[in-house]
Amino acid sequence: MSEFAFRPDPSSHADCAENHRRMLAGELYYSWTPDLVKGRARCKSAMLKYNTEAADGETSRRRVAELLMDLLQDPTPLPPKLDDPEQDADQFDDFPYIDTPIKMDYGSNVKLGKGVYMNSSCTLLDVCPITIGARTLIGPNVHFYSASHPIDPITRNGMRGPELGKPITVGEDCWFGGSCVVLPGVTIGRGVVVGAGSVVTKDVEDFVVVAGNPARVVKRLDVEREKYEAMVKENKERGH
Ligand SMILES: CC(C)(COP(=O)(O)OP(=O)(O)OC[C@H]1O[C@@H](n2cnc3c(N)ncnc32)[C@H](O)[C@@H]1OP(=O)(O)O)[C@@H](O)C(=O)NCCC(=O)NCCS
């Protein structure tokens with residue numbers, strides 16, 4: 001059976017499971033099966049809660065973390081609650097933080113490292129995994145698109161046709177300026193700076209500044225590797 005010939009029967013659990021496997025594997029799949037529609041609806045509800053409650057400056061750091069874990073469907077338990085609200089909040093110093101509003105498709109395919117910060121109005125189309133390394137800072141309005149459509153219009157066939165994605169992986173200690181776009185399948189190394197407004201179309205090596213559309217290396221960073229590794233080690237020793 002060619003990939004194009006595969007069309008899931010929405011009432012078949014096995015077909016829906018195979019369709020979902022294809023989605024995560026970067027193969028052609030259909031996005032309107034009941035399970036995937038339900039997955040996006042769940043994400044919309046979790047986003048609505050996050051974008052409402054976390055936008056309120058009075059909401060505790062613990063509650064914001066709970067809402068984020070729910071959005072990402074991450075079952076990792078939070079640290080036990082402390083009586084003192086300030087001490088309790090301190091436990092989340094290196095927890096990933098996303099400013100509102102945020103937009104994701106599923107949430108469950110987004111993996112954020114410790115200390116990741118995302119400014120407002122970012123979009124993560126996570127049909128395939130989008131993984132962001134620890135301490136990476138993301139400016140406002142940055143878009144990560146792991147979703148794509150067939151180039152051929154007959155296969156694409158509007159909303160009736162199949163689609164496909166590719167994972168996006170970002171290393172530790174990167175910084176994205178505002179309004180960047182990262183395309184499907186891109187892997188970005190450690191310690192990379194992406195200039196504001198760039199469109200990253202290809203993999204990026206470690207410790208460079210890239211900028212422009214398409215993003216090109218504009219500078220290689222002379223990072224002292226021993227000091228850098230010591231910083232990473234120190235963070236890991238603190239459990240981060
Ligand atoms: C990339 C950036 C950090 C500058 O890095 P830098 O290493 O100091 O780079 P330079 O300013 O020396 O620029 C190097 C070259 O890249 C170009 N360049 C820099 N930023 C660029 C961008 N965003 N898009 C296109 N080209 C860019 C410069 O014009 C320069 O080109 P030239 O060599 O032909 O003159 C900065 O330009 C930037 O984009 N900052 C993002 C700020 C932001 O978005 N803040 C929001 C909060 S996170």
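Indexing begins at 1, ligand by ligand and atom by atom, following the structure's order. Given the structure is predicted, the values throughout are model-derived calculations rather than measurements. In what follows, every heavy atom counts, from backbone to side chain, and hydrogens, waters and symmetry copies are set aside.
Taking a distance limit of 4.0 Å, we find that atom 12 (O) of ligand 1 is approached by some protein heavy atom. Counting protein heavy atoms under 4.0 angstrom from atom 31 (O) of ligand 1 gives zero. Contact annotation for atom 28 (C) of ligand 1: protein absent (non-hydrogen atoms, distance under 4.0 Å). For atom 1 (C) of ligand 1, the nearest protein heavy atom lies closer than 4.0 Å. Proximity of atom 24 (N) of ligand 1 to the protein is indicated by at least one non-hydrogen atom lying closer than 4.0 angstrom.
Residue contact check: A211 has heavy atoms under 4.0 Å from atoms 21 (C), 22 (C), 24 (N), 25 (C), 26 (N), 27 (C) of ligand 1. Near G139, with a cut-off below 4.0 Å to any heavy atom, the atoms of ligand 1 are 48 (S).
Under the 3.5 Å distance criterion, with hydrogens and angles disregarded, a donor-acceptor pair is assigned to the side chains of T155 and D152.
Side-chain contact check for V182 versus Y145: every heavy-atom pair is 4.5 Å or farther apart. Looking only at side-chain heavy atoms (C-beta outward), Q91 and R61 stay at 4.5 Å or farther from each other. Between R190 and D173 there is no side-chain heavy-atom pair separated by less than 4.5 Å. Considering only heavy atoms from C-beta on, E18 comes within 4.5 Å of F6 through its side chain.
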For the pair E163 and S31, evaluate side chain to side chain donor-acceptor pair (under 3.5 Å) and give the outcome as yes or no after the intermediate values. CA-CA 7 Å; E163 56 184 74; S31 64; 3.3 Å; yes

Give the intermediate values and the outcome of salt bridge (Lys or Arg N to Asp or Glu O under 4.0 Å) for residues K236 and E172. CA-CA 12 Å; K236 290 221 162 90; E172 297 176 340; 3.5 Å; yes

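In this structure, atom 47 (C) of ligand 1 lies nearest to the protein heavy atom P140 CD, 4.0 Å. Protein heavy atom in closest approach to atom 42 (C) of ligand 1: W175 CZ2, 3.9 Å. The shortest contact between atom 15 (C) of ligand 1 and any protein heavy atom is with V218 CB, 4.0 Å. The nearest heavy-atom contact from the protein to atom 9 (O) of ligand 1 is K219 NZ, 3.6 Å. For atom 5 (O) of ligand 1, the closest non-hydrogen atom on the protein side is V209 CG1, 4.1 Å. Protein heavy atom nearest atom 36 (C) of ligand 1, with residue, atom name and distance: G195 CA, 4.9 Å.
Not less than 6.0 angstrom separates the ring centroid of F92 from the ring centroid of Y97. Under the 6.0 Å cut-off for aromatic ring centres, F176 and F144 qualify, their centroids lying closer than that.
Of the candidates S179, A196, G177, the one placing a heavy atom closest to atom 38 (C) of ligand 1 is A196.
The distance criterion of under 3.5 Å between nitrogen or oxygen atoms is met by G178 with respect to ligand 1.
For S198, the heavy-atom gap to ligand 1 stays at 4.0 angstrom or more.
In this structure, D88 pairs ionically with R62, as a charged nitrogen and a carboxylate oxygen lie closer than 4.0 Å.
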